[in-house]
Amino acid sequence: MNLRDELKIAPVNELRHVGSRTKGSMGQTEIDEYEEITPDGKVIARYTVTEHTNLRGLNTTRSIQQH
């Protein structure tokens, strides 16, 4: 499943990556920001996708927030 499907983005809308950053001493938390944009250029939703890798055991968790 890709991110568009996971976020249930309408086929006519664009999912635009607008920024990313890392946190932690070894960059173990990756934070990506996205906007959902209609064909006429209107931003209708913003999403924050966070992936965190636990350095002990290398377990990865992922969360998504819609703003």
Side-chain angles (χ1 to χ4, degrees):
M1 176 180 281
N2 67 32
L3 186 58
R4 284 184 65 88
D5 294 338
E6 194 172 342
L7 297 175
K8 297 181 173 93
I9 303 296
V12 297
N13 291 346
E14 175 187 355
L15 182 63
R16 182 181 299 164
H17 184 256
V18 294
S20 61
R21 64 187 186 277
T22 59
K23 289 174 52 177
S25 60
M26 298 180 75
Q28 63 265 34
T29 302
E30 299 174 13
I31 303 166
D32 290 297
E33 303 283 338
Y34 296 90
E35 292 178 338
E36 182 177 355
I37 302 171
T38 62
D40 61 349
K42 183 187 231 183
V43 176
I44 58 170
R46 289 184 172 84
Y47 302 94
T48 302
V49 179
T50 305
E51 285 193 18
H52 176 78
T53 302
N54 186 351
L55 297 178
R56 293 186 180 179
L58 297 177
N59 298 324
T60 301
T61 56
R62 181 176 181 178
S63 64
I64 298 174
Q65 289 184 317
Q66 182 176 358
H67 309 275

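Put simply, CD on Glu6 and CZ on Arg62 are 4.5 Å apart, with the number rounded to the nearest 0.5 Å. Taking NZ of Lys23 as the start and CD1 of Ile31 as the end, the distance is 5.0 Å to the nearest 0.5 Å. Atoms CD and CD, on Glu14 and Glu35 in that order, are 9.5 Å from each other to the nearest 0.5 Å. Note that the CG atom of Leu7 and the CD atom of Gln66 stand 8.0 Å from one another [nearest 0.5 Å].
Both Leu3 and Ile9 sit in one connected hydrophobic cluster of ILVMFWY residues. Membership requires side-chain heavy atoms under 4.5 Å apart, directly or through other members. Leu15 and Val49 end up in the same hydrophobic cluster when Ile, Leu, Val, Met, Phe, Trp and Tyr side chains are linked at under 4.5 Å.
The side-chain heavy atoms of Glu33 and Arg21, taken from C-beta on, include a pair separated by under 4.5 Å.
In this structure, Glu36 has no salt bridge (charged side-chain N to carboxylate O under 4.0 Å, His left out) partners at least two apart in sequence or on a different chain. Take His17 and apply the ring-ring contact (aromatic ring centres under 6.0 Å, His included) test, not counting sequence neighbours, and it matches Tyr34.
Side chains of Thr22 and Glu30: a donor-acceptor N/O pair is absent below 3.5 angstrom, by distance only.
Nearest heavy-atom pair across Ile37 and Arg16 is CD1-CZ, 3.2 Å. Contact record, Asn13 with Thr38: OD1-CA, 3.4 Å, taken as the closest heavy-atom pair.
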